[in-house]
Number of protein chains: 2
Amino acid sequence: MHSERIQFQNYEEKVISAHEASLFFKDKMTVGTSGFTKAGDSKAVLPAFAERAKEEEIAITLITGASLGHTTDADLAQNNALYKRMPFQVDPTLRKKINDGSILFVDQHLSETVELLENKHLPKMDLAVLEAAYIDENGNIIPTTSVGNSVTFAHLAEKIIIEINLSIPMNFKGIHDIYLPEPYPNRKPLDITASSERIGQDFISIDPQKVIGVVFTEIPDSPAQVVAPDEKTTAIAGHLLAFFEKEIADGRLTKSLLPLQAGIGKVANAVMSGLGKGDFENLEMYSEVLQDSTFELIDSGKMNFASASSLTVSQNCYAHILNNFELYKDKILLRPQQISNSAEVIRRLGIIAINTAIEFDIYGNVNSTHLGGTKMMNGIGGSGDFARNAYLSIFVTQSASKEDNAISHVLPMVSHVDHTEHDVDILVTDQGLADLRGLAPRERAQVIINNCVHPDYKETLQHYFERASERGGHTPHILEEAFAMHTRFNQTGTMKELVLEELA
Amino acid sequence: MHSERIQFQNYEEKVISAHEASLFFKDKMTVGTSGFTKAGDSKAVLPAFAERAKEEEIAITLITGASLGHTTDADLAQNNALYKRMPFQVDPTLRKKINDGSILFVDQHLSETVELLENKHLPKMDLAVLEAAYIDENGNIIPTTSVGNSVTFAHLAEKIIIEINLSIPMNFKGIHDIYLPEPYPNRKPLDITASSERIGQDFISIDPQKVIGVVFTEIPDSPAQVVAPDEKTTAIAGHLLAFFEKEIADGRLTKSLLPLQAGIGKVANAVMSGLGKGDFENLEMYSEVLQDSTFELIDSGKMNFASASSLTVSQNCYAHILNNFELYKDKILLRPQQISNSAEVIRRLGIIAINTAIEFDIYGNVNSTHLGGTKMMNGIGGSGDFARNAYLSIFVTQSASKEDNAISHVLPMVSHVDHTEHDVDILVTDQGLADLRGLAPRERAQVIINNCVHPDYKETLQHYFERASERGGHTPHILEEAFAMHTRFNQTGTMKELVLEELA
């Protein structure tokens, strides 16, 4: 059965069903599974464990690369199978349980989870479940559409279950660059000086002694939902492309820019697609995720190479990639997220990082995780890895949202800080772009208010800034009012001042 | 005159007075000067410029390594000679002008200033003033007690003034490791795999065409003020040393720990001195600043090597170092702050970073710059460079201060965020230590309240946390009350609740 998928003889007797594999899960275990932004996740064993947890009282600490696909996180959460979850998620059901305090969530920089594991700053990993295209003749595995944290999970877990996904072609071998840093104090430089540079093997090493089961599945990754650009995202992309053109005109960048990182979402996709229309050439990506726009740019001849930790594309794009795989094979690399998001490499290559904010404030601090300062949306993901060390750290968001623009996404003070003013160079909304480079806080505030704020909120923010400035301070604030727009929204459903009430 | 100090003939005719040198300063210039934590700063030319500005309306953008010594920053500020200042300062007069908005200050990660300059994200540098021990036979300079940002300033500035300090012995040559990263996209790995590893030259390259003046001075560095440990700092050091001992006992660290970084201040000094008494061996530092405690540890045989960007010690310690220079010469290295504070090297070596907080909150966010959310104290300095990429990121502060403990340094929400919860592993006050590794926000809050909060504020913070948690959220907060302790202090002079008033 599928002999080309298990080329290491010893493993053949280890083939079990997903349900049988799920029986290896014990209460309070720490389990690591493959999967990064819906790509390369466990589609058989984790769901079978979720099913088992319907009937039994059993909960684990689940560590992944990033978000899982299908309904796995929802099912696990719904069936109370999660005690603690890290480092990222995007699932509404899980999110609800995180926010009501019934599931503990540790929101981490995506590069850091395996550092903490290797340093024993997190509990010992009992079990790893890793998706593979196949098992090679030495018992090692060829990963699938993501690498995520699987290399370290394989290294540290006491036991390993391999989940072979038959929907992944055998010729996926070769698109992965697998490297595991040496333990302290013997670490070496990560010798990547270009997006296309390889430093490792094309398989994940597996100790055969650890393998307790091999499970087959044919379920493909959940496809990415690509949303067409709307008026706002088109405006944001337009401002950013004009900025790049000006940087080129001013001699700070060439038409090849510098390697790009783009977060997931429609704004990032709109910007990347926009690059295909502009006067750019020989582009590269050094990012976390390859999306549809990456392949559009490769197809149009604008992009030479793209490195990331996962391949998260729409169904059509995925079919197109598989049908033309030999065309793309030498133009992409998937790496461990510790490497795709490495501070060292990001600084060395000089990444242009484009990430999405939930809100930012007039001094340039960014909240990318918490609604109203309290409710977790998804997690910080890799945005901090990139923003902190980028050549240019760019954050984008809409200036206002909801009916009658009830929410302003630019505030006097963000209700939660994920990226401090130190790590933010450029802010963009549909209204315009604020170039904060070299500016002191009071200068930043005026540029942000002038360029990024929705007209409905300009006066309010200008008024706040002026009154705060009169009181003094390097970063002027009126602490009593810093969150007034947030609290007004909680009380009235809009951040706008209701003039009559205020006068009463 | 001082022929051993100017070994490059062409420069002899360039010797001028400090006043003459100050005449090269023009209004609105961007000037870079040597100097890092009071070490190796300009003691003749910058003060002469400050003097000149008494009589003339002239102001510059001044970029340094970090803080300057003597009264230079105060004199410049007092005489309105500064339009903009970056990346760090510690001077009360300058601070006052920053906070009243009359001097623009850009608070930067100390590793980043030269990145921004090289990338042309800051204005072109017109002039550099660099302290040197001497000028070698090729016209290059041997730096003094700091390297700071001088390498890049020398590289980028249009004109250079060299300030030769005769108080620095000629045998300082050899303690510097000077390296300038290649421009994008040709950067190479920084090949430092141990604190003691050299990657560069022992001099700063100077283009003789740029040199417009050589000035002599004999003024030594301002000495560091070493404050004896008090009850609180001793308690903090004790908690931290006990923690290190436990980490060793648990097998996560050895008696050599990992390379140490310690911010400036009495707590850091107390901790470092404490290491001398404990059962530690073969310690190393990879830090920004070498302080008295570094040399105590070298003297006691506990420390093998110390790398930093500056040497900032007391008068006695400095005399001791000079008298025994050959003993220390192969045990210390001074590097550009871009290298001493490099994310790449910090992560690779696995630094234990110990920095000081002004305040932290119950979820582990740290404010290390702003009093009451508005007033700049000193600047973020290198704390972010280290905290973000450290093996262990530790922040220390006192639990409460002022008469009757009117100020709690642990708050519901910090009034300014410099280090997010993601970048903080361990918090220590005189009350105890909170180990936040692997904890979700609600877990962190309880550990911090239990271990770090002053008894006078425990009930208040517990009450806040419980009421916020009832409202829900991943990071529970009551935005209306998040700054109540800060605003109460502003209004009443104490963060404590005045029960009678509250009831009225």
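By convention in this document, chain letters (A, B, ...) are assigned in the order of the sequence lines, proteins followed by strands, and residues within each chain are numbered from 1.
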| request: Below 4.5 Å from any heavy atom of chain A, which atoms of B:Asp361 appear? Answer side chain, backbone, both or neither. | output: neither

| Considering all heavy atoms, the nearest B:Val106-A:Gly438 contact | CG2-O, 3.7 Å

| query | So which part of B:Asp435 gets closer than 4.5 Å to some heavy atom of chain A, the side chain, the backbone, both or neither? | reply | neither

| note | CZ (A:Phe483) and CD1 (B:Ile478) are apart, to the nearest 0.5 Å, by 13.0 Å

| request: For chain A, find which of B:Leu122, B:Leu116, B:Ile380, B:Asp191 contributes the most heavy-atom pairs closer than 4.5 angstrom. | output: B:Ile380

| Where do A:Leu258 and B:Tyr184 come nearest, in terms of heavy atoms and distance? | CD2-CB, 4.1 Å

| query | Hey, what do you get for CZ (B:Arg471) to CG (A:Asn99), rounding to the nearest 0.5 Å? | reply | 15.0 Å

| Which atoms of B:Asp100 come close to chain A, meaning under 4.5 Å heavy atom to heavy atom: side chain ones, backbone ones, both, or neither? | backbone

| field | Salt-bridge criterion met for B:Lys120 and A:Glu247 (N-O under 4.0 Å) | value | no

| task | Go through B:Glu480, B:Arg388, B:His477 and name the one with the most non-hydrogen pairs under 4.5 angstrom from chain A. | result | B:Arg388

| query | By a 4.5 Å heavy-atom criterion (distance strictly below it), what part of B:Leu349 contacts chain A: side chain, backbone, both, or neither? | reply | backbone

| request: Step by step, work out the side-chain contact (heavy atoms from CB on, under 4.5 Å) result for B:His422 and A:Asp107. | output: CA-CA 7 Å; B:His422 308 285; A:Asp107 179 27; 3.1 Å; yes

| field | Minimum heavy-atom distance between A:Arg187 and B:Thr193, given as atom pair plus value | value | O-CG2, 3.7 Å

| request: Please look at B:Glu112 and chain A and tell me whether the side chain, the backbone, both or neither of the residue comes under 4.5 angstrom of a heavy atom of that chain. | output: side chain

| said: If I measure from the heavy atoms of chain B, does A:Leu439 come under 4.5 Å with its side chain, its backbone, both, or neither? | reply: both

| task | Name the member of B:His486, B:Lys375, B:Glu443 that forms the most heavy-atom pairs with chain A at distances under 4.5 Å. | result | B:Glu443

| Worked verdict on A:Glu344 versus B:Asn389 for side-chain contact (heavy atoms from CB on, under 4.5 Å) | CA-CA 10 Å; A:Glu344 169 176 346; B:Asn389 293 289; over 6 Å; no

| message | Side chains of A:His416 and B:Asn365 only: does a donor on one sit below 3.5 Å from an acceptor on the other? | response | no

| remark: Of B:Ser342, B:Pro189, B:Ala440, B:Pro476, the largest count of non-hydrogen pairs under 4.5 angstrom with chain A goes to B:Pro189

| task | Can you label the angle between the A:His474 ring and the B:His370 ring as parallel, tilted or perpendicular, going by 30° and 60°? | result | tilted

| said: For chain A, which candidate among B:Ser256, B:Gly473, B:Pro123 shows the most heavy-atom pairs at distances under 4.5 Å? | reply: B:Gly473

| Side chain, backbone, both or neither: which part of A:Glu284 has a heavy atom under 4.5 Å from chain B? | neither

| note | Of all heavy-atom pairs linking A:Gly372 and B:Leu479, the shortest is O-CD1, 3.5 Å

| task | Could you go through the side-chain contact (heavy atoms from CB on, under 4.5 Å) check for B:His121 and A:Leu392 one step at a time? | result | CA-CA 9 Å; B:His121 296 169; A:Leu392 273 178; 3.7 Å; yes

| field | Best-contacting candidate, A:Ala482, A:Ser469, A:Gly350, against chain B by heavy atom pairs under 4.5 angstrom | value | A:Gly350

| said: Looking at B:Lys188, I want to see if its NZ is surrounded by more than 12 non-hydrogen atoms of other residues, nucleotides or ligands under 6.0 Å. | reply: yes

| remark: Closest non-hydrogen contact found for B:Thr420 with A:Asp418 is CG2-O, 3.5 Å

| Among B:Arg347, B:Arg437, B:Arg348, the one residue meeting salt bridge (charged side-chain N to carboxylate O under 4.0 Å, His left out) with A:Glu115 | B:Arg347

| said: For a quick test of reading the model, state the closest non-hydrogen atom pair linking A:Thr374 to B:Gly472 and the distance between them. | reply: CB-O, 4.2 Å

| field | Best-contacting candidate, A:Gln108, A:His109, A:Met376, against chain B by heavy atom pairs under 4.5 angstrom | value | A:His109

| Is there side-chain contact between B:Val417 and A:Glu421, with heavy atoms separated by less than 4.5 Å? | no

| said: Can you tell me which portion of B:Tyr391 sits under 4.5 Å from chain A's heavy atoms? Options are side chain, backbone, both or neither. | reply: both

